[in-house]
Amino acid sequence: MATKTCITPTQLEHALALKDLTLWSSNSHAVHLMASEVLEGLRERGWPTAEVVTGPRVVHARENYALLGYSPDEVTLGSEHTRWVDQERLLRTQTTSQIPAALQAAATARKPGEMRLIAAPGITFRRDTRDRWHCAEPHQMDVWVLGEPALSNRKDLLRLVRDILEAATPSLGWVFSDSPHHYTDEGIEVNLLADEKAIEVLECGCIARSLLERLGIDPEQHGGLALGMGLDRLTMLRKGLPDIRLLRDEHPRVQAQMHDLSQWRPVSRLPSTSRDISLAVSPGLSEEALTEKMLNAAGEHACWIEEMQIEGRWAYGDLPEQAIQRLGLIPGQENVLLHIVLRDASRSITTEEANQLYGVIQSAMHEGEPGGGYRL
C-alpha cells in the first residue's frame, strides 16, 4: 500500500478547533437551523422522528471508506482529497462515516413494519477547490431511512428528496440524474435550479444489499433509503448568499444575518483584485493539491482568497527556451498558470496588500530555480 501524505499536528489542531456550524447553541447558526428545519419538515410530512447521531472528527479509514464499499486502491487515490492524520486515520470526508454503526443499531432495534430515520449532521474535511460554492470544511447531513426491504424503491426515494427540498428551499425547482454510489442502488444526483444554473445539493439512492451484508444486517428483513446533502449550499440557496465564506465571516454586519434563514441583505460587495501567477511545479498536481498549497501559503489571509482556477498547464518540452529560463523550470517539472481572485467581505484590500500576498503565494508554491515564476 502506498504511503499516505499526512497533515501536521498544527493542521490537526486547527481542524479540531474549527467550529461545527451544525451544532445547537443559544444563538444557533443558519446551518444548524437548516438541518433542524429539514428534519422537522420530514416529521411533518409523515417520516419518522429523526435519531440524530454525531461522532468524532477523526475516524478510521474502515469507517470512512472500507465499510461503505470503497476499495483499498480508491482509499490510496483518496489522498488527493483526504486529510490523513496517520496511515489509518483521517479527518472524516463525509458524515456517512457515522452511518455504519448507527445502521446496525437501528436494524437491531427496528420492529417489523417500522421505519427508523437516522440523521448525521456535521462538519467534514476535504482537500478541495476554491470558489464561491466550495470550501475545505463543508457541512453535510446524511439522512437514512431503514424499513422493510420494499422501501428500497425509486418512488419512495424521490418522495424523500421532494419532502427535504420542500422544507429546505421551497421556492426552487430541482432536477436529478443517475449517479452510481458505492453503498446505494439506483443512485441519483440532485441539482437545484437557481438563476438559470443547476447547483448540486445532494446525492442519494436505495441502500445497497451489499452494504447491509457487509454490516451483518439481513437484506431479507431490512431495506431503505440513503441520502447525503450539502447543508452549506442549501443554506446559501435559501438565504441567497453569494459566497460560501460568508457563513464564517466575522464581520458584525455579516454575523448579524447568520442566525436565521431569512433573505440575505447585501453587505457592500467590495471590489476584487485578481492576478495570474505562472509557476514551475511538480507534474500532475491536482487542482485540490494546488489549492491546499495556496491556502497554506496565505496563512491568516487565506480568507481573502475568493477563487483559484487553473488557466493552463504545459510540460517542460512544450515550452520555448525563453519561457523555461524565465520560469526557472527544471527538467521533469511543468508550468502551471493559476488565476487567483482576492476579495474581503468587510474592507477593501489595498494594492500593496494584494501584491504582498501574491508574492508570498508565488514564492511558496514555486518549485523551480530560485527567483523563477512570475505574476501577470
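Values below: every heavy atom of this structure, side chains too, minus hydrogens, waters and symmetry copies.
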Hey, are [Y] and [X] close enough side-chain-wise for a donor-acceptor pair under 3.5 Å?
X: Glu321; Y: Gln325; result: yes
X: Glu353; Y: Asn355; result: no
X: Glu74; Y: His182; result: yes
X: Gln11; Y: Glu13; result: no
X: Trp47; Y: Asp163; result: yes

Side chain [X], main chain [Y], donor-acceptor under 3.5 Å:
X: Asn335; Y: Leu279; answer: yes
X: Arg248; Y: Leu21; answer: no
X: Gln257; Y: Arg265; answer: yes

Would you indicate whether the side-chain heavy atoms of Glu220 and Pro149 approach each other to under 4.5 Å?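 Sidechains of Glu220 and Pro149: no contact.
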
If you look at every heavy atom in His259 and Leu33, which pair is closest and at what distance?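 Minimum heavy-atom contact is O-CD1, 3.4 Å.
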
In plain terms, say whether [X] and [Y] are close enough for a salt bridge, that is, a side-chain N and a carboxylate O under 4.0 Å apart.
X: Glu37; Y: Arg238; result: yes
X: Arg110; Y: Glu148; result: yes
X: Glu306; Y: Arg245; result: yes

Test of understanding: with salt bridge (Lys or Arg N to Asp or Glu O under 4.0 Å), list the residues that count as partners of [X], not counting sequence neighbours.
X: Glu137; result: Arg83
X: Arg154; result: Asp178, Glu186
X: Arg116; result: Glu51, Glu114
X: Asp260; result: Lys239

Do any pairs count as a ring-ring contact (aromatic ring centres under 6.0 Å, His included) and have a residue in residues 183-216, sequence neighbours left out, and if so which ones?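 Output for this query lists Trp144-Tyr183.
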
ring-ring contact (aromatic ring centres under 6.0 Å, His included) involving His222 - partner list, sequence neighbours excluded: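 ring-ring contact (aromatic ring centres under 6.0 Å, His included) list for His222, sorted by chain: empty.
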
Check the orientation of Trp84 and Tyr65. Use parallel for under 30°, tilted for 30 to 60°, and perpendicular for over 60°.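 Trp84 and Tyr65: tilted rings.
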
